[in-house]
Amino acid sequence: MDRGASDELRAARTQLVSYSARLLADGLAIGSAGNISVRIGDLMAITPSGIAYHELRADDICLVTTDGTELANGETPSSETPMHLAIYAATNAAAIVHTHSPEVIALSASRPELPTIHYAITGLGGPVRVAPYVRFGSDELAAAAVGALDGRSAVILRNHGAVTYGRDLAQAYDRALLLEWLARTYRMALSYGDPATLSTAELDEVTAETRRRRYGERRGPA
Ligand SMILES: [Zn+2]
């Protein structure tokens with residue numbers, strides 16, 4: 001049976017192509033930089049290496065099993081395939097977005113983490129760590145990213161970019177946008193001097209209130 005032919009996989013391929021176009025439009029990557037993936041059962045659908053996003057077609061999307069076996073389609077899976085696989089293995093991620101977005105890269109070159117400049121950072125699990133620099137595509141980078149993701153759904157890779165994950169591609173992508181917005185906001189705040197940040201207690205209060213309101217929504221109109 002052709003494992004690449006299910007409706008779910010077809011939908012994932014189409015979704016990956018459309019979100020790749022958004023990466024360019026939203027300024028989160030240029031050319032073919034960055035990569036995105038979706039997990040479906042024991043398969044990962046991931047953008048290929050070296051194809052500019054504006055030329056990407058659904059058939060170009062690569063499939064790799066979660067143990068790292070490529071299902072050939074004539075394209076080479078993203079060079080960051082080891083990092084995507086490691087994050088799926090270590091978390092409950094169903095989709096991963098890796099960007100080369102300018103604000104997080106600028107921050108990564110001079111700060112050890114993105115501090116709590118705005119309460120929306122609770123959506124990423126708290127202050128976002130900057131993982132040490134390791135060469136792109138390496139197993140060491142995969143390990144560094146997984147280590148710095150502990151308790152977070154986002155990590156910044158020093159002198160490289162960022163990674164976010166979510167329960168689906170929409171959530172992972174929204175988190176990538178949020179991360180870039182937070183980094184930009186922090187840079188703007190730095191221009192005034194020494195920005196105030198939120199304490200752990202203040203963040204915990206936000207998380208508790210967010211949960212309470214979501215609980216209210218679930219009990220809403222039947
Ligand atoms: Zn990269």
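Nothing fancy with the numbering, it's 1 onward along the sequence. Indexing begins at 1, ligand by ligand and atom by atom, following the structure's order. The figures that follow rest on heavy atoms only: side chains count, while hydrogens, waters and symmetry mates do not.
In this structure the side chain of T164 never reaches within 4.5 angstrom of the side chain of S153, judged on heavy atoms. Considering only heavy atoms from C-beta on, F136 stays 4.5 Å or farther from L157 through its side chain.
For the salt bridge (Lys or Arg N to Asp or Glu O under 4.0 Å) condition, the pairs that include at least one residue of residues 176-201, sequence neighbours left out, are E103-R187.
Counting non-hydrogen atoms of other residues, nucleotides and ligands closer than 6.0 Å to CD of E209 gives a total above 12. The 12-atom threshold is not exceeded at CD of E205, counting heavy atoms of other residues, nucleotides or ligands nearer than 6.0 Å.
Around the Zn ion (ligand 1), the protein contributes the following N, O or S atoms under 2.8 Å, ordered by chain and number: H98 NE2, H100 NE2, H160 NE2.
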Could you walk me through whether C62 and N73 satisfy the side chain to side chain contact (heavy atoms under 4.5 Å, CB included) test, starting with their C-alpha distance in whole Å, then the side-chain angles of each, then the deciding distance to 0.1 Å, before giving a yes or no? CA-CA 7 Å; C62 298; N73 72 336; 3.8 Å; yes

